[in-house]
Amino acid sequence: MRLDTAEYAYSVEFMCGRLGVSRSGYYDWRSRPESATAQRREELKLGLRI
């Protein structure tokens, strides 16, 4: 879940504070490529086969 989209009512700073994570850690996580597991889940949702 990304915290910085318009659909969320709370700021990144607020949510990171509530979740007990650093802002720098959140931004580091956000910039990482999607994991192989997450990619596979998306493929399964779309009904794609490899």
Side-chain angles (χ1 to χ4, degrees):
M1 166 171 45
R2 305 294 182 180
L3 300 177
D4 59 348
T5 61
E7 67 187 77
Y8 297 104
Y10 301 104
S11 70
V12 170
E13 293 81 5
F14 176 80
M15 292 303 294
C16 286
R18 298 295 289 176
L19 295 169
V21 298
S22 66
R23 283 183 17 216
S24 62
Y26 166 72
Y27 286 113
D28 180 54
W29 167 81
R30 186 179 75 163
S31 66
R32 290 182 198 157
E34 194 172 62
S35 70
T37 301
Q39 291 174 0
R40 181 67 178 139
R41 286 182 181 143
E42 284 301 313
E43 291 169 359
L44 291 171
K45 281 187 214 176
L46 297 173
L48 301 177
R49 293 180 186 218
I50 297 178

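Residues take their numbers from the sequence shown, with the count starting at 1.
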Aromatic ring pairing Trp29/Tyr26, orientation class (parallel under 30°, perpendicular over 60°, tilted between): tilted
Residue set satisfying side chain to side chain donor-acceptor pair (under 3.5 Å) with Thr37, at least two apart, ordered chain then number -> none
Residues forming a side chain to side chain donor-acceptor pair (under 3.5 Å) with Ser24, sequence neighbours excluded: Ser22
